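Following: one structure in structure tokens, then a few remarks.
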Amino acid sequence: MAGDQLQVLHALDLAKTQWYHFTAIIIAGMGFFTDAYDLFCISLVTKLLGRIYYHVEDHPNPGTLPPQVAAAVNSVAFCGTLTGQLFFGWLGDKMGRKKVYGMTLLIMVICSIASGLSFSNDPKAVMITLCFFRFWLGFGIGGDYPLSATIMSEYANKKTRGAFIAAVFAMQGFGILVGGIFAIIVSSSFKAKYNVPPYVTDALRSTPHQADYIWRIILMFGAIPAGMTYYWRMKMPETARYTALVAKNAGKAAADMARVMQVDIEAEQGKVEEITEKDSNSFGLFTKQFLRRHGLHLLGTTTTWFLLDIAFYSQNLFQKDVFSAIGWIPPAKTMSAIEEVFRIARAQTIIALCSTVPGYWFTVAFIDRMGRFKIQLMGFTMMTIFMFALAIPYNHWKEHDNRIGFVVMYSFTFFFANFGPNATTFIVPAEIFPARLRSTCHGISAASGKLGAIVGAFGFLYLAQDKKKPDVGYSPGIGVKNALIVLGVVNFLGVLFTLLVPEAKGKSLEEMSGENEDDYDAVKPEDLSKVVAT
């Protein structure tokens, strides 16, 4: 295999872990840190938005966002992300990873600031402008998915490539964590400055006009890490795999990597032309050749990411049960608006610290030992088990004496999502497709995941409504217990579709995609016996 591979790519595959690897992780990871902060910080302030803009005089409870408005505010960034994943994934293969990489950050910086500047005192105008800017914020975030994964996979050596890509994705956990911590700091500062009574004591004074600054500050803070990263992204050279195999410029690829790795690398222009002019390396996405060689792979990556995100983003179904069961968030009327932001932020920070962050870093530690296939299969299997264990005796878990067990089950479900398919579905699409289609195929897979996120976060929110007493503004559904059973089935389907995903552990990107081979009959999905044997 090495004899057929370009020297520059062979050098990257065999390189020892060096400083440029960590630099790439930090630069790409800070983008994901910002992505997670921007996507998840909205959940910290939606209750506050309801109190400020939808207060009802003499009502026993604080104002809340109407269901349609809440769905729009929370989901519009997901819609933008889905669009951005498809668009920037395609653009990354057409223009190059580096050129597009800066665009996504600029969009994120501008729209983070603009989200906090949503104008007018009229609720409708505020929500429309907020949704507008959060759609375009999501559009920029969407581009970060395929570009960060592709850049890291193309920079990494084959021995620790999985850990490097997983480390980039794991920065999401820190983004969620910092979002909660920053909201705690902001709300604590306002709480110390203004002596605000709870709603039940004084409905009007419980939401002071200064509270309008809180949500704006929290949303705008996301521009800072993105802006800090822009300069370093622009200094990164284009990946050698794009420059050589797509742009067909062997000299520049060798020169860029020689400077980064501080070694002498021969430019092999003739070999580049020989490799790229093969029929096996020129087919497009919508061709029979792609369908034959990578059709099952793309089906595997899209379906598993779709199914995973349905389950992962459905956590809102029973998050309120978890928080209320352990007393983290008391009834809204017993708190002021500022106190409620503090309580929600504290609860989400504890969950991130105890469950989300550890799961990500377990994947970093074990992915190049266990392999992608085993971790994803294990994750989906454990999520299936825990979801059914929550669903079948659901009434048992709701009893006061069993609340600790409920929280433990909840935490393990999402620990195994992060030490499992939430990480691997991001990693695998960046490893198994040809360089000229890698970013596009990752974008398609990621967009499928975001579609699943929309289904999980909002479709199941309606589906899980009580049959007899749905929440105000919602139609009757099948109930939380039955919704959790459906999610258990979703996770089991994830187990089955994982069988379509090949193992890339210890293999070069060209070996997985077959770009160096004359007669290539597609990388077959490994059957269970082969995976167990490795």
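Hydrogens, waters and symmetry mates play no part in the numbers below; they use all other heavy atoms, side chains included. Owing to the predicted nature of the structure, the values given are computational and were not obtained by experimental measurement.
T384 places a side-chain N or O within donor-acceptor distance of the main-chain N or O of F492, the cut-off being under 3.5 Å. Of the possible donor and acceptor atoms, none in the side chain of K47 sits under 3.5 Å from a partner among the backbone N and O of T64. Under a 3.5 Å cut-off, the side chain of T160 and the backbone N or O of A163 do not form any donor-acceptor pair. For the pair R134 (side chain) and D38 (backbone), a donor-acceptor distance under 3.5 Å is present. When atom types are taken as modelled, the side chain of S448 and the backbone of T302 share a donor-acceptor pair closer than 3.5 angstrom. Of the possible donor and acceptor atoms, one in the side chain of S439 sits under 3.5 Å from a partner among the backbone N and O of G89. T150 places no side-chain N or O within donor-acceptor distance of the main-chain N or O of L147, the cut-off being under 3.5 Å. In this structure, R51 contributes its side chain and I338 its backbone to no donor-acceptor pair below 3.5 Å. Between the T81 side chain and the G138 main chain, a donor and an acceptor come within less than 3.5 Å of each other. Between the side chain of S115 and the main chain of L219, no donor-acceptor pair closer than 3.5 Å is present.
Residues W397 and Y394 keep their aromatic ring centres 6.0 Å or farther apart. Residues F32 and Y145 place their aromatic rings such that the two centres sit under 6.0 Å apart. The six-membered or imidazole ring of Y313 lies near that of F78, with a centre-to-centre distance under 6.0 Å.
Counting heavy atoms from C-beta outward, S336 and F190 have side chains that stay 4.5 Å or more apart. L130 has its side chain within reach of L49: a pair of non-hydrogen atoms, C-beta onward, lies under 4.5 Å apart. Contact annotation: the side chain of I329 approaches that of M335 to within less than 4.5 Å [non-hydrogen atoms, C-beta and beyond]. For the pair R372 and I367, the minimum side-chain heavy-atom distance is below 4.5 Å. At a threshold of 4.5 Å between non-hydrogen side-chain atoms, the residues F426 and H442 count as touching. Using a 4.5 Å heavy-atom threshold, the side chains of T301 and T425 count as separate. Inter-residue side-chain proximity for I217 and F182 is flagged as met; some heavy-atom pair is nearer than 4.5 Å. At least one side-chain heavy atom of Y101 sits under 4.5 Å from a side-chain heavy atom of S148.
The distance from atom CG of L137 to atom SG of C111, rounded to the nearest 0.5 Å, is 6.0 Å. Rounding to the nearest 0.5 Å places CD of E431 at 4.5 Å from CD1 of I165. The CZ atom of R343 lies 7.5 Å from the OG1 atom of T334; values are rounded to the nearest 0.5 Å. Note: Q376 CD to T381 OG1 = 10.0 Å, rounded to the nearest 0.5 Å. Between the CE atom in M220 and the CH2 atom in W215 there is a gap of 10.0 Å [rounded to 0.5 Å]. In this structure, CG in D212 is found 11.0 Å from OG1 in T207, a value given to the nearest 0.5 Å.
Counted within 6.0 Å of OH on Y54, heavy atoms from surrounding residues, nucleotides or ligands total more than 12; the atom is thus considered enclosed. No more than 12 heavy-atom neighbours from other residues, nucleotides or ligands sit within 6.0 angstrom of CZ on F412. The environment of M234 atom CE is dense: over 12 non-hydrogen atoms of other residues, nucleotides or ligands sit within 6.0 angstrom. Surrounding CG of D122 are more than 12 heavy atoms belonging to other residues, nucleotides or ligands, all under 6.0 Å away. Counting non-hydrogen atoms of neighbouring residues, nucleotides and ligands closer than 6.0 angstrom, the NZ atom of K481 exceeds 12 such neighbours. Sparse packing is recorded around CZ of F362, with 12 or fewer heavy atoms of other residues, nucleotides or ligands lying under 6.0 Å away.
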**Chi angles and distances behind the side-chain contact (heavy atoms from CB on, under 4.5 Å) call for F169, N422** = CA-CA 9 Å; F169 192 67; N422 195 34; 3.9 Å; yes

**Item:** M127 vs V73, side-chain contact (heavy atoms from CB on, under 4.5 Å): CA-CA, chis, key distance, verdict
**Value:** CA-CA 7 Å; M127 294 304 137; V73 168; 3.9 Å; yes

**Asked** Does the pair Y230 and L106 meet the rule for a side-chain contact (heavy atoms from CB on, under 4.5 Å), with working shown?
**Response** CA-CA 8 Å; Y230 181 78; L106 284 178; 3.6 Å; yes

**Asked** Run the side-chain contact (heavy atoms from CB on, under 4.5 Å) check on K467 and N482 step by step: do they pass?
**Response** CA-CA 11 Å; K467 298 176 184 177; N482 291 330; 3.7 Å; yes

**Prompt:** Stepwise, does the ring pair (Phe, Tyr, Trp, His ring centres under 6.0 Å) test hold for F174 with Y360?
**Reply:** CA-CA 10 Å; F174 288 123; Y360 283 124; 8.9 Å; no

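Residue P197 comes nearest to N195 through the heavy atom pair CD-O, 3.8 Å, listed as atom of the first residue, atom of the second, then distance. Taking each heavy atom of F415 and P358 in turn, the nearest pair found is CE1-C, 4.0 Å. The two residues G379 and P421 come nearest to each other via the heavy atoms CA-CD, 3.7 Å. Residues A226 and V109 come closest through the heavy atom pair CB-CG2, 3.6 Å. Between T104 and R233 the shortest heavy-atom distance is OG1-NH1, 3.6 Å. Looking at every heavy atom in both residues, S118 comes nearest to V126 through CB-O, 3.9 Å.
Between F132 and W136, the angle of the ring planes goes over 60°, which puts this pair in the perpendicular group of the 30/60° scheme.
Scanning for ring pair (Phe, Tyr, Trp, His ring centres under 6.0 Å) contacts around Y37 gives F221, with sequence neighbours left out.
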